[in-house]
Amino acid sequence: MSDRQSSPTVSVVAVCGSLRDESYTRRALERALDGVEEAGGTGAVLDLRAYSLPVFDADMDQQGDSAAVVEKIREADAVLLGTPMYHGSYSGVLKNALDYCGFDEFEGKTVGLLAVAGGGFPVSALEHLRSVCRALDAWVLPHQAALPNVSRRFDGDDIVDEGLDERVRLLGQRVVEYARIEPDPSTFEADENVGGAGR
């Protein structure tokens with residue numbers, strides 16, 4: 001039996017970069033978590049609405065509920081990052097949450113990316129998130145999920161486009177399948193950039 005098959009159940013945290021009550025990002029992440037469960041993992045949405053997370057201040061070790069948010073990300077075996085596209089990039093809400101994190105939370109960890117947009121494809125938001133994750137030495141899945149014209153893609157909580165629904169569900173499956181990827185040796189950057197706590 002391979003290490004991947006014999007390892008404990010993979011836990012996935014899905015960080016929602018939207019604060020809207022009727023968030024399409026949150027709904028899409030919940031669908032991705034269906035894929036996580038289908039692949040034998042467990043997962044939950046990290047709903048940033050439930051936490052007090054002041055704007056990151058590098059002169060302070062912790063603020064508000066930042067320690068709880070960081071701990072949930074650190075303890076997960078893999079991470080899904082979901083965001084609406086704002087002005088061609090990912091949300092400030094997600095950026096602020098990620099600013100509290102560093103290599104301890106992301107180095108060598110598998111990350112899946114999902115973005116939604118009211119208009120065209122949110123490719124630039126996904127590219128920007130990919131760059132952030134690479135800077136933290138995370139292993140970002142090649143497979144990603146982009147939901148354009150998102151208000152037309154849902155009927156209630158269900159994604160009505162079968163192709164997009166499959167892509168989102170597959171994202172959850174893939175993040176479980178690759179969660180135990182063998183990490184590369186520690187990098188120079190990991191020693192020099194210790195994340196939010198050391199800035």
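All residue numbers in this chain count up from 1 along the given sequence.
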Locate the shortest heavy-atom distance separating [X] from [Y]; write the atom from each residue and the value.
X	Y	value
Val175	Ala78	CG2-CB, 3.7 Å
Ala97	Leu48	CB-CD1, 3.9 Å
Cys133	Val140	CB-CG2, 3.3 Å
Phe121	Ala146	CD2-CB, 4.0 Å
Asp161	Leu164	OD1-N, 2.9 Å
Ala32	Leu80	CB-CD1, 3.9 Å

In Å, rounded to the nearest 0.5 Å, how long is the span from [atom1] of [X] to [atom2] of [Y]?
X	Y	atom1	atom2	answer
Leu113	Thr83	CG	OG1	10.0 Å
Arg153	Ile159	CZ	CD1	10.0 Å
Leu136	Ser131	CG	OG	11.0 Å
Asp137	Phe103	CG	CZ	4.5 Å
Glu75	Glu105	CD	CD	10.5 Å
Leu81	Thr25	CG	OG1	11.5 Å

* To do: Flag the pair Arg180 and Asp77 as a salt bridge only when some basic side-chain nitrogen lies within less than 4.0 angstrom of an acidic carboxylate oxygen.
  => yes
* Hey, is Glu177 close enough to Arg174 for a salt bridge, meaning N to O under 4.0 Å? ->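 Salt bridge present between Glu177 and Arg174.
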* Asked: If we ignore angles and hydrogens, is there a donor and acceptor under 3.5 Å between the side chains of Ser18 and Ser23?
  ->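 Ser23 and Ser18 do have a side-chain donor-acceptor pair below 3.5 Å.
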* Gln144 side chain to Arg167 side chain, donor-acceptor N/O pair below 3.5 angstrom -> no
* Structure fact -> The salt bridge (charged side-chain N to carboxylate O under 4.0 Å, His left out) partners of Lys72 (sequence neighbours excluded) come to none
Under 3.5 Å: donor-acceptor pair, side chain of [X], backbone of [Y]:
X	Y	result
Lys109	Ala76	yes
Thr110	Tyr178	yes
Asp65	Ala68	no
Arg27	Glu22	yes
Glu166	Gly163	no
Asn96	Phe56	yes
Ser91	Gly17	yes

* **Verdict with supporting geometry, Leu33 and Val45, side-chain contact (heavy atoms from CB on, under 4.5 Å)** => CA-CA 8 Å; Leu33 289 175; Val45 171; 3.7 Å; yes
* Can you list the residues that meet the side-chain hydrogen bond (donor to acceptor under 3.5 Å, both in side chains) rule with Asp165, with sequence neighbours excluded? ->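 So Asp165 forms a side-chain hydrogen bond (donor to acceptor under 3.5 Å, both in side chains) with Arg31.
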* Between Tyr24 and Phe154, what is the ring plane arrangement, given parallel below 30°, perpendicular above 60°, and tilted in between? ->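 Ring orientation, 0 to 90° scale: tilted.
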For residues [X] and [Y]: do they belong to one hydrophobic cluster (side chain heavy atoms under 4.5 Å, members Ile, Leu, Val, Met, Phe, Trp, Tyr)?
X	Y	value
Leu19	Tyr86	no
Val132	Met85	no
Leu126	Leu94	yes
Leu170	Leu147	no

* All pairs passing side chain to side chain donor-acceptor pair (under 3.5 Å) where residues 35-47 contributes a residue, at least two apart ->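 Residue pairs passing side chain to side chain donor-acceptor pair (under 3.5 Å), neighbours aside: Arg26-Asp47, Glu38-Arg169, Glu38-Gln173, Asp47-Arg49.
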* Verify side-chain contact (heavy atoms from CB on, under 4.5 Å) between Tyr100 and Leu53, making sure each step is shown before the conclusion. => CA-CA 9 Å; Tyr100 281 100; Leu53 207 60; 3.8 Å; yes
* Would Trp139 and Val111 satisfy side-chain contact (heavy atoms from CB on, under 4.5 Å), going step by step from the backbone distance to the final call? -> CA-CA 6 Å; Trp139 196 88; Val111 178; over 6 Å; no
* Using a cut-off of 6.0 Å, state whether more than 12 heavy atoms not belonging to Tyr51 lie near its atom OH. => yes
